[in-house]
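Reviewing the structure listed below.
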Amino acid sequence: MKAIVCTKYGSPDVLQLQEVAKPAPQDDEVLIRIYAASVNARDWRFMRAKPFFIRLMPGGFLQPKNKILGADVAGRVEAVGRYVKQFKPGDEVFGYLPSATGRGTFAEYVCANENAIALKPVNLTFEQAAAIPVAALTALQGLRDKGNIQPGQKVLINGASGGVGTFAVQIAKAFGAEVTAVCSTRNLEMVRSIGANHVIDYKKEIFTQNGQQYDLILAVNGYHPISDYLRALSPDGIYVVAGGSMLQLFQAARQGRRTSKIGSQKTYVVPLVQSQKDLVFMKELLESGKVVPVIDGCYPLSKIAEAFQYYEKVHPKGKVVITVEYDNKP
Ligand SMILES: NC(=O)c1ccc[n+]([C@@H]2O[C@H](COP(=O)([O-])OP(=O)(O)OC[C@H]3O[C@@H](n4cnc5c(N)ncnc54)[C@H](OP(=O)(O)O)[C@@H]3O)[C@@H](O)[C@H]2O)c1
């Protein structure tokens with residue numbers, strides 16, 4: 001099969017289209033013929049070995065250990081192992097394969113445990129479905145599991161126009177929250193169009209200094225010191241951070257709970273957890289039309305280096321998708 005092999009750490013040119021062995025499913029796995037994957041920050045980090053500790057674990061010190069990158073997948077089940085109960089050949093599925101599985105989705109085929117995938121939302125294309133798993137599950141688990149989001153709450157999403165942020169805005173709205181979205185000037189209209197009640201242009205206004213307070217803040221990246229976030233948080237508010245510098249993640253994880261005379265603020269880091277239940281939860285939200293993936297652009301597998309160059313150069317609006325084309329697509 002064709003796959004994109006990350007030959008060494010470095011710029012997008014290290015991603016080379018090569019012929020590799022087609023995987024065979026184990027007893028509890030399905031073999032997926034991939035039609036689309038999508039680019040996430042983690043793929044970029046594994047390509048660039050940034051931060052450095054990627055080289056220590058689980059990366060590979062001198063060169064990447066898992067040479068096929070890609071964690072999001074949408075495709076069709078081609079074969080199933082003998083203990084697989086939930087899927088059959090022909091099913092259209094989507095899912096998230098963590099790097100720890102050693103399986104990459106920038107390829108024509110991948111094997112996945114049957115509990116790692118779910119049936120694709122019926123109203124979505126493979127390209128749309130591939131945009132969902134990592135970004136949407138991070139947003140969902142951050143808002144719901146860490147943030148305990150409730151209807152009517154004032155929720156702020158900092159970094160609202162990227163992969164995680166565009167899902168976070170829509171998921172928070174679906175939970176009945178009043179959403180403030182923070183992004184740059186060029187993306188204000190887009191985040192309004194996906195449902196944000198209020199928008200703040202981070203190039204013109206620093207939301208931590210405008211006197212407003214929020215019940216829940218999801219920071220897609222840290223961007224500000226934790227003390228600024230705590231000032232913008234209501235006395236019983238929750239601050240959840242998905243990404244950022246090691247210091248920002250460490251501070252949020254260490255802070256935990258801060259109790260004062262007027263309340264008890266909490267801070268958390270989202271550790272994305274593989275979850276079939278959450279894929280099904282997202283499938284229902286997507287089929288109801290409450291959430292629609294935002295896709296900046298699609299690149300064929302053979303042009304993946306261009307996709308990563310684009311990802312590095314601009315902040316994409318929503319997701320960048322990789323498509324896999326076959327001569328004999330059913
Ligand atoms: N914890 C986990 O398991 C997990 C899972 C997935 C992702 N993540 C992390 O989440 C982070 C974001 O992922 P992503 O795919 O959503 O990234 P992305 O698509 O690059 O989005 C970045 C967002 O941040 C905004 N932004 C850039 N500079 C900003 C600033 N100074 N202040 C406020 N907003 C700013 C961008 O807005 P403009 O484009 O409008 O400038 C954009 O909305 C990454 O660090 C990733 O590692 C963590």
Side-chain angles (χ1 to χ4, degrees), residues 38-48 50-51 53-54 69-72 96-100 130-143 145-147 156-171 179-194 196 199-209 217-225 228-229 232 239-250 252-253 267-275 278 293-297 307-308 310-321:
S38 76
V39 176
N40 288 292
R42 60 185 50 211
D43 305 314
W44 178 84
R45 291 187 207 291
F46 280 113
M47 179 189 79
R48 286 276 183 190
K50 284 189 180 169
F53 81 79
I54 292 276
L69 304 179
D72 283 331
Y96 154 54
L97 304 183
S99 49
I132 297 161
V134 168
L137 263 52
T138 303
L140 175 67
Q141 293 172 7
L143 292 166
D145 304 345
K146 296 295 178 189
L156 180 136
I157 313 293
N158 194 23
S161 55
V164 176
T166 48
F167 282 109
V169 169
Q170 298 179 78
I171 292 169
V179 177
T180 300
V182 183
C183 62
S184 65
T185 322
R186 72 192 175 97
N187 289 324
L188 295 176
E189 268 320 303
M190 185 270 285
V191 294
R192 255 195 212 104
S193 75
I194 56 172
V199 293
I200 294 177
D201 181 348
Y202 68 76
K203 297 203 178 218
K204 297 195 178 136
E205 182 182 344
I206 302 174
F207 80 88
T208 58
Q209 293 176 4
I217 297 177
L218 175 70
V220 163
N221 276 313
Y223 301 122
H224 297 277
D228 289 7
Y229 282 108
Y239 166 57
V240 179
V241 59
S245 69
M246 292 310 291
L247 179 66
Q248 286 166 331
L249 296 171
F250 176 72
T267 68
Y268 297 105
V269 177
V270 198
L272 173 60
V273 178
Q274 195 179 33
S275 165
D278 286 353
V294 177
I295 295 181
D296 188 301
F308 275 79
Y310 180 76
Y311 184 85
E312 289 191 322
K313 207 164 76 195
V314 299
H315 295 150
K317 280 182 210 282
K319 298 280 303 181
V320 171
V321 167

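Reckoned from all heavy atoms, side chains included, excluding hydrogens, waters and symmetry mates. In each ligand, atom 1 is the first atom listed, and ligand 1 is the first ligand listed. Heads up: numbering here begins at 1 and tracks the sequence.
Near Ala41, the atoms of ligand 1 lying under 4.0 angstrom from a non-hydrogen atom of the residue are 44 (C), 46 (C), 47 (O). Residue-ligand proximity, Arg45 to ligand 1, at heavy-atom distances under 4.0 Å covers atoms 44 (C), 45 (O), 46 (C), 47 (O). Interface of Arg42 with ligand 1, defined as ligand atoms under 4.0 Å from a residue heavy atom, comprises 3 (O), 5 (C).
Of the N or O atoms in Leu272, one or more lie within a sub-3.5 Å distance of an N or O in ligand 1. At least one N/O-N/O distance between Gly163 and ligand 1 falls below 3.5 Å. Here's the thing with Ala242: one of its N/O atoms is less than 3.5 angstrom from an N/O atom of ligand 1. Ligand 1 has no N or O atom lying under 3.5 Å from any N or O atom of Pro316, backbone or side chain.
Among Gly243, Ser161, Ser38, Pro98, the residue whose heavy atom lies nearest to atom 37 (O) of ligand 1 is Ser161. By heavy-atom distance, the residue among Asn221, Val320, Val164 lying nearest atom 7 (C) of ligand 1 is Val164. Which of Thr138, Val241, Val39, Val294 comes nearest to atom 5 (C) of ligand 1 through a heavy atom is settled by distance: it is Thr138.
Among all non-hydrogen protein atoms, the one lying nearest atom 33 (C) of ligand 1 is Asn158 OD1, 3.3 Å. Considering only non-hydrogen protein atoms, atom 12 (C) of ligand 1 sits nearest to Val220 CG1, 3.1 Å. Here the protein heavy atom with the shortest distance to atom 39 (O) of ligand 1 is His315 CB, 2.9 Å. Of the protein's non-hydrogen atoms, Ser184 OG, 2.6 Å is the one closest to atom 40 (O) of ligand 1. Protein heavy atom in closest approach to atom 20 (O) of ligand 1: Tyr311 OH, 4.3 Å. Among protein heavy atoms, the minimum distance from atom 1 (N) of ligand 1 is reached at Val270 O, 2.6 Å. The protein non-hydrogen atom at the shortest distance from atom 24 (O) of ligand 1 is Tyr223 OH, 2.3 Å. Among protein heavy atoms, atom 21 (O) of ligand 1 sits closest to Gly162 CA, 3.4 Å.
Below 30°, between 30° and 60°, or above 60°: for Tyr229 and Tyr239 the angle between ring planes is below 30°, a parallel geometry.
Put simply, CG on Leu137 and CD on Gln274 are 9.5 Å apart, with the number rounded to the nearest 0.5 Å. The line from CZ of Arg186 to CG of Asp201 is 11.0 Å long, rounded to the nearest 0.5 Å. To the nearest 0.5 angstrom, Thr138 atom OG1 is 10.5 Å from Asp278 atom CG.
Within the 3.5 Å criterion, the main-chain N or O of Ser184 finds no donor-acceptor partner in the side chain of Asn187. Side chain of Asp43 to main chain of Leu69: no donor-acceptor pair is present (N/O by atom type, distance under 3.5 Å, no hydrogens or angles). Tyr202 contributes no side-chain N or O that, together with a main-chain N or O of Gly159, makes up a donor-acceptor pair within less than 3.5 Å. Although no hydrogens or angles enter the test, the distance criterion places a donor-acceptor pair under 3.5 Å between the side chain of Lys319 and the main chain of Val39. Asn40 contributes no side-chain N or O that, together with a main-chain N or O of Arg42, makes up a donor-acceptor pair within less than 3.5 Å.
Residue contact check for ligand 1: Lys319 places no non-hydrogen atom closer than 4.0 Å to it. Heavy-atom separations between Ala135 and ligand 1 are all 4.0 Å or longer. Within the 4.0 Å heavy-atom shell around ligand 1 one does not find Lys317. Not a single heavy atom of Asn40 sits less than 4.0 Å from an atom of ligand 1. The closest approach between Arg186 and ligand 1 falls below 4.0 Å for a heavy atom of the residue.
Looking at Asn187 against ligand 1, only its side chain comes within 4.0 Å, counting heavy atoms.
Judged by distance alone, the side chains of Tyr310 and Asp296 do bring a donor and an acceptor atom under 3.5 Å apart.
The minimum heavy-atom distance between Ala196 and Val169, with the atom names listed, is N-CG1, 3.9 Å.
Evaluated for a side-chain contact (heavy atoms from CB on, under 4.5 Å) with Thr180, the options Ile200, Ile157, Asn158 yield exactly one hit, Ile200.
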Going through the checks in order, is the side chain to side chain contact (heavy atoms under 4.5 Å, CB included) test met by Ile132 and Asp72?
CA-CA 8 Å; Ile132 297 161; Asp72 283 331; over 6 Å; no
Where do Cys183 and His315 land on the side chain to side chain contact (heavy atoms under 4.5 Å, CB included) test, with the steps shown first?
CA-CA 10 Å; Cys183 62; His315 295 150; over 6 Å; no
